[in-house]
Asks: 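Below is a structure I'd like to ask you about.
All residue numbers refer to positions in the sequence shown, counting from 1. No experiment lies behind these values; they were computed from the predicted model shown.
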Amino acid sequence: MAPQVVLVTGCSSGIGLSTARRLAQDPDQRYLVIATVIAIAEKVELVAAVGDAIDKTIFIKEMDITKDEDITRVVDDVIKTHGRIDILINIAGVHTLGVPERVSRARMESIFNLNTIGTIRLTQAVLPQMKQRKTGKIINVSSLAGKQGWPYSDIYSASKFAVEGFFESLLSTVKSFNIRVCMIEPTLVKTRMLQSGWSERNALMSDDTIQEIDKRQLRLLCEVVSGLPILSEDDVVDVLMTKCVEVDDPIFRHLIVPSKTKEDLEEVVADLTGEKSIAAVRKLIGAV
């Protein structure tokens, strides 16, 4: 059987790099991975991680998903070279921490362009050939912050809520084309994104122009967060592989929560899979 062609974004580090490595080093060579980085200079860690799989089961391409011309170039090239894209895995994203009224328009646009619009535009580019072949899978690494608003991560949460809304709406229709959509929603993950959040927090705490109430609330939030169990990148990749990539008919939503906090979250997020919502919407549009 020919390997599945998998396009993955955000592969320079973190969850994207770990996902690309897992796919490329699959012992049965079931996947041909197109791993993308925002700039080719950022491929160093990925090349080191995949070893001799490079240019065999994994190929690295430069793609900035905030640029339509990059998306078109890469998608067209992959389809021309390999004939199809079987699986799209959207991982590229950025986080920001800040007092909500002080986040600039430029910063908001930057976050939404990457986390939301870029992800949607890439999906739009991949969908036509999936619909034509009536098969495909789209997997998105979102966040608990896409289901539950997080204070002082307002813009990040908003961008993830938007992504969740798009893909939940999308699944209601593309399932009729035998295209499956999955959302991976981890809680805190030990990545560079988490580290940058702490740097932003330190900068905010030392800013004398920020009101003391905000500082106090931010301080308490960070104290609570620092005491929570943190997932590893492999925790996320394990779920992504075993619950989405390797499953023919995966459920929509996968909330990845350390066991110590799962029970509390279940009270807030009642339906962890999203399947009931999807079924209800499909019924409304007359889909079976």
Asks: Hey, can you tell me if Phe59 and His82 have their rings parallel, tilted or perpendicular (30° and 60° cut-offs)?
Replies: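 Rings of Phe59 and His82: tilted, 30 to 60°.
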Asks: Could you report the tightest heavy-atom contact between Ala2 and Arg84, atom names first, then the distance?
Replies: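 Closest heavy-atom pair between Ala2 and Arg84: CB-NH2, 4.0 Å.
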Asks: Asp70 and Arg73: salt bridge (Lys or Arg N to Asp or Glu O under 4.0 Å), yes or no, with the steps?
Replies: CA-CA 5 Å; Asp70 277 20; Arg73 171 179 51 79; 3.6 Å; yes
Asks: Go through the steps to decide whether Val163 and Met183 satisfy the test side chain to side chain contact (heavy atoms under 4.5 Å, CB included), and finish with yes or no.
Replies: CA-CA 9 Å; Val163 166; Met183 301 301 298; 4.0 Å; yes
Asks: Could you tell me whether Glu168 and Arg253 have a side-chain N and a carboxylate O separated by less than 4.0 Å?
Replies: yes
Asks: Minimum heavy-atom separation for Ala20 and Leu46, please, with both atom names.
Replies: CB-CD1, 4.1 Å
Asks: At their closest point, which heavy atom of Gln4 faces which heavy atom of Ile87, and how far apart are they?
Replies: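 Closest pair (atom of Gln4, atom of Ile87, distance): OE1-CD1, 3.6 Å.
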Asks: Atom OG of Ser104 and atom CD of Glu109: how far apart are they, to the nearest 0.5 Å?
Replies: 8.5 Å
Asks: Apply the test side chain to side chain contact (heavy atoms under 4.5 Å, CB included) to residues Ser143 and Tyr156: give CA-CA distance (whole Å), side-chain angles for both, the deciding distance (0.1 Å), then the verdict.
Replies: CA-CA 10 Å; Ser143 168; Tyr156 175 74; 3.5 Å; yes
Asks: Which atom names give the shortest non-hydrogen contact between Gly98 and Asp154, and what distance separates them?
Replies: O-OD1, 4.0 Å
Asks: Quick one: does Gln25's side chain have a donor or acceptor within less than 3.5 Å of a partner on Ala49's backbone?
Replies: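 Checking the backbone N and O of Ala49 against the side chain of Gln25, a donor-acceptor pair under 3.5 Å is found.
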Asks: Measuring only between side-chain heavy atoms, which start at C-beta, is Leu23 closer than 4.5 Å to Met241?
Replies: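 The answer is yes; the side chains approach within 4.5 Å.
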Asks: Under the side chain to side chain contact (heavy atoms under 4.5 Å, CB included) criterion, do Ile91 and Val8 qualify, and how do the steps go?
Replies: CA-CA 7 Å; Ile91 301 178; Val8 189; 3.9 Å; yes
Asks: Is there a donor-acceptor contact under 3.5 Å from the side chain of Ser12 to the main chain of Glu42?
Replies: no
Asks: Do Asp235 and Ser232 have a side chain donor and acceptor closer than 3.5 Å?
Replies: yes
Asks: For Glu62 and Lys43, run salt bridge (Lys or Arg N to Asp or Glu O under 4.0 Å): C-alpha distance rounded to whole Å, both residues' side-chain angles, the deciding distance at 0.1 Å, then the answer.
Replies: CA-CA 9 Å; Glu62 182 177 278; Lys43 71 176 184 177; over 6 Å; no
Asks: Would Phe167 and Phe161 show up in the same hydrophobic cluster when neighbours are defined by side-chain heavy atoms closer than 4.5 Å?
Replies: no
Asks: Can a donor-acceptor pair be found, under 3.5 Å and without considering hydrogens, that links the side chain of Asn115 to the backbone of Val94?
Replies: yes
Asks: With distance as the sole criterion, is a donor-acceptor pair present between the side chains of Thr66 and Asp64 under 3.5 Å?
Replies: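 Yes, side-chain donor-acceptor contact under 3.5 Å.
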Asks: Return each pair, listed once, that meets side-chain hydrogen bond (donor to acceptor under 3.5 Å, both in side chains) where at least one residue sits in residues 14-23; pairs must be two or more places apart or across chains.
Replies: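 Passing the test, one end in residues 14-23: Ser18-Glu233, Arg22-Asp238.
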Asks: Within the structure provided, determine whether Leu114 and Thr119 are in side-chain contact (heavy-atom separation under 4.5 Å).
Replies: no
Asks: Search all heavy atoms of Asp249 against all heavy atoms of Lys175 and return the closest pair with its distance.
Replies: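 Looking at all heavy atoms of both residues, the closest pair is OD1-CE, 4.3 Å.
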Asks: Please test Ile58 against Tyr31 for side chain to side chain contact (heavy atoms under 4.5 Å, CB included), starting from the C-alpha separation and ending with a verdict.
Replies: CA-CA 8 Å; Ile58 184 168; Tyr31 311 104; over 6 Å; no
Asks: If you round to the nearest 0.5 Å, how far is SG of Cys182 from CG of Asn90?
Replies: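 Asn90 atom CG to Cys182 atom SG measures 12.0 Å (nearest 0.5 Å).
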Asks: State plainly whether one hydrophobic cluster holds both Ile117 and Leu170, where clusters connect Ile, Leu, Val, Met, Phe, Trp and Tyr through side-chain heavy atoms under 4.5 angstrom apart.
Replies: no
Asks: Are the side chains of Ile60 and Ile40 in contact, using a 4.5 Å heavy-atom criterion?
Replies: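 Ile40 vs Ile60: side chains touch.
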Asks: Are side-chain heavy atoms of Thr187 and Ile256 found at a separation under 4.5 Å?
Replies: no
Asks: Apply side chain to side chain donor-acceptor pair (under 3.5 Å) to residues Ser142 and Glu164 and explain how you reach the verdict.
Replies: CA-CA 8 Å; Ser142 179; Glu164 295 264 353; 2.9 Å; yes
Asks: Distance from Leu7 atom CG to Ile85 atom CD1, nearest 0.5 Å?
Replies: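 Separation between the atoms: 5.0 Å.
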Asks: Taking a hydrophobic cluster as the set of Ile, Leu, Val, Met, Phe, Trp and Tyr residues connected by side-chain heavy atoms closer than 4.5 Å, whether directly or through intermediates, do Leu127 and Val74 fall within one such cluster?
Replies: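 Leu127 and Val74: one cluster.
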Asks: Are any of the side-chain heavy atoms of Arg180 and Ile138 separated by less than 4.5 Å?
Replies: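 Contact flag for Arg180/Ile138 side chains = no.
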Asks: Cut-off 3.5 Å, side chains only: do Thr209 and Arg102 have a donor facing an acceptor?
Replies: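 Side chains of Thr209 and Arg102: pair found under 3.5 Å.
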Asks: Answer yes or no: is there a side-chain heavy-atom contact under 4.5 Å between Tyr152 and Pro100?
Replies: yes
Asks: Just grab all the salt bridge (Lys or Arg N to Asp or Glu O under 4.0 Å) pairs involving residues 118-145, residues at least two apart or on different chains.
Replies: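 Pairs touching residues 118-145 that pass the test: Asp68-Arg121, Asp86-Arg133.
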Asks: For residues Val6 and Val47: do they belong to one hydrophobic cluster (side chain heavy atoms under 4.5 Å, members Ile, Leu, Val, Met, Phe, Trp, Tyr)?
Replies: yes
Asks: Count the heavy atoms belonging to other residues, nucleotides or ligands that lie under 6.0 Å from NZ of Lys243, then report whether that count exceeds 12.
Replies: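 It does not: Lys243 NZ has 12 such atoms or fewer within range.
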Asks: Is the closest side-chain heavy-atom distance between Leu88 and Leu122 below 4.5 Å?
Replies: yes
Asks: Tell me the closest heavy-atom pair linking Ile184 and Cys244, and the distance in Å.
Replies: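 Closest pair (atom of Ile184, atom of Cys244, distance): CD1-SG, 3.6 Å.
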Asks: Counting only heavy atoms from other residues, nucleotides and ligands, does the tally under 6.0 Å from CD of Glu246 exceed 12?
Replies: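 Yes - once you tally the heavy atoms of other residues, nucleotides and ligands closer than 6.0 Å, there are more than 12.
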Asks: I'd like to know whether CD of Gln211 has more than 12 heavy-atom contacts from other residues, nucleotides or ligands below 6.0 angstrom.
Replies: no
Asks: Would Ile155 and Ile120 show up in the same hydrophobic cluster when neighbours are defined by side-chain heavy atoms closer than 4.5 Å?
Replies: yes
Asks: Is the shortest side-chain heavy-atom distance between Phe177 and Met130 below 4.5 Å?
Replies: no
Asks: Between Thr9 (side chain) and Ala92 (backbone), is there a donor-acceptor pair under 3.5 Å?
Replies: yes
